[in-house]
Every structure is written in C-alpha cells, then in structure tokens.
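Worksheet: one structure, shown below.
The shown structure was predicted, so the numbers you read here are calculated from the model rather than taken from an experiment. Excluded from the calculations below are hydrogen atoms, water molecules and symmetry mates; all remaining heavy atoms, backbone and side chain alike, are included.
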Amino acid sequence: MKLSILGAGSWGTALAIEFSRSGHEVLLWGRDSSVIAQIETEGRHPRRLTGHPIPSTVRVTADLEEAFVSERTIFLCVPCEALRPVLARTPDRDGKLLRFVSTSKGVEPDSLKRMSEIVLERYP
C-alpha cells in the first residue's frame with residue numbers, strides 16, 4: 001500500500017517506522033525542512049524518537065504537494081490546531097478520489113469541529 005503521512009512529529013514518525021516495517025511504501029512529510037534533511041541523512045529524527053532508527057525505505061519530504069497525491073492513502077498526523085492550515089496549503093483534488101485517515105485526537109480548538117469535518121470542508 002502507498003501511504004503519505006502528514007506530520008513528522010512523534011506520532012507520524014512512529015507510524016512511518018511501523019508501516020515501513022510492515023512492507024508499505026511510506027512517504028513522510030514534515031513542515032521543517034531541516035528536520036526532514038536530518039532524517040534523510042542520518043536515518044533518525046533529530047528531536048523525536050531519537051533512539052529509534054527510521055528505515056531507509058521511508059522516503060521523506062518537506063514538499064506538501066509531493067506527499068499529497070491521489071494514489072496514496074493520506075494519514076493526517078498533525079495536531080488538531082494545525083490541520084486546517086496544512087490542508088489550506090494542499091493542492092486541489094481535480095476530481096480525483098482522495099483517501100484520508102485521521103490519527104489526531106481531539107477537536108479544533110476554535111470551532112470545536114472534528115478532524116473529519118475539517119477535511120470535508122476542504123475536500124467535499
């Protein structure tokens with residue numbers, strides 16, 4: 001299965017490691033290009049899960065468009081308050097089916113909306 005994981009924090013990184021070990025094709029997106037560069041060169045996250053190597057089969061990117069393609073299942077692993085701003089930067093779907101899995105717990109602080117509601121606003 002082809003997976004994009006949006007969010008290279010502890011949770012997104014842990015999922016990337018486990019999905020890759022299970023044989024899935026994983027692309028991990030993070031907003032901080034310096035963190036992404038360190039993961040790529042050192043095979044470890046510089047601030048999160050530092051004792052856990054990230055398999056070389058996990059590809060990483062700071063380019064949101066690269067991670068946001070229709071043939072992938074997109075795991076949303078960003079904090080609740082960050083989901084709307086991240087989705088605002090994603091490309092239009094151009095009629096292509098997108099498959100999302102939200103792994104964030106909680107609701108958007110200002111609106112009290114669930115993550116699924118925010119996704120549906122951006123991608124009805």
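- Here Trp11 contributes atom CH2 and Ile5 contributes atom CD1; the two are 9.5 Å apart, rounded to the nearest 0.5 Å.
- In the hydrophobic cluster analysis, where Ile, Leu, Val, Met, Phe, Trp and Tyr join through side-chain heavy atoms closer than 4.5 angstrom, Leu83 is grouped together with Leu98.
- Val78 and Phe75 fall into different hydrophobic clusters, where Ile, Leu, Val, Met, Phe, Trp and Tyr residues are linked whenever their side-chain heavy atoms come under 4.5 Å apart, directly or through other members.
- Listed here is the closest heavy atom pair of Met115 and Ser102: CB-OG, 3.4 Å.
- Annotation: ring-ring contact (aromatic ring centres under 6.0 Å, His included) contacts involving residues 105-124, sequence neighbours excluded, comprise Phe68-Tyr123, Phe100-Tyr123.
- Ile17 has its side chain within reach of Pro55: a pair of non-hydrogen atoms, C-beta onward, lies under 4.5 Å apart.
- In this structure, Ser22 contributes its side chain and Glu18 its backbone to a donor-acceptor pair below 3.5 Å.
- Ser104 is linked by a side-chain hydrogen bond (donor to acceptor under 3.5 Å, both in side chains) to nothing, counting only residues two or more places apart in sequence or in another chain.
- With values rounded to the nearest 0.5 angstrom, Glu108 atom CD is found 9.0 Å from Glu81 atom CD.
- Between Ile36 and Ala8, the shortest heavy-atom distance links the atoms CD1-CB, 4.3 Å.
- Atom-to-atom distance recorded for Ser111:OG and Glu117:CD is 7.5 Å, nearest 0.5 angstrom.
- Taking CZ from Arg31 and CZ from Arg89, the interatomic distance works out to 9.5 Å, rounded to the nearest 0.5 Å.
- By the side-chain hydrogen bond (donor to acceptor under 3.5 Å, both in side chains) test, Asp92 pairs with Arg122, sequence neighbours left out.
- Considering every non-hydrogen atom in both Cys77 and Gly12, the closest pair reads CB-CA, 3.9 Å.
- Residues Val58 and Ser20 share a closest heavy-atom pair of CG2-CB, 3.5 Å.
- Leu87 and Leu64 fall within the same hydrophobic cluster, where Ile, Leu, Val, Met, Phe, Trp and Tyr residues are linked whenever their side-chain heavy atoms come under 4.5 Å apart, directly or through other members.
- In this structure, the side chain of Thr13 engages the main chain of Gly9 through a donor-acceptor pair within 3.5 Å.
- Formation of a donor-acceptor pair under 3.5 Å by the Arg72 side chain with backbone atoms of Leu3 is found in this model.
- Taking CE of Met1 as the reference point, atom CD of Glu25 lies at 11.5 Å (rounded to 0.5 Å).
- With sequence neighbours excluded, no residue forms a side-chain hydrogen bond (donor to acceptor under 3.5 Å, both in side chains) with Ser10.
- Ala67 pairs by the side chain to side chain contact (heavy atoms under 4.5 Å, CB included) definition with Ser4, Leu6, Leu27, Trp29, Thr61, not counting sequence neighbours.
- Partners of Arg47 according to the side chain to side chain contact (heavy atoms under 4.5 Å, CB included) rule, which considers only residues two or more places apart in sequence or in another chain, are Asp32, Val35, His45.
- Note: Ile39 CD1 to Ile54 CD1 = 4.5 Å, rounded to the nearest 0.5 Å.
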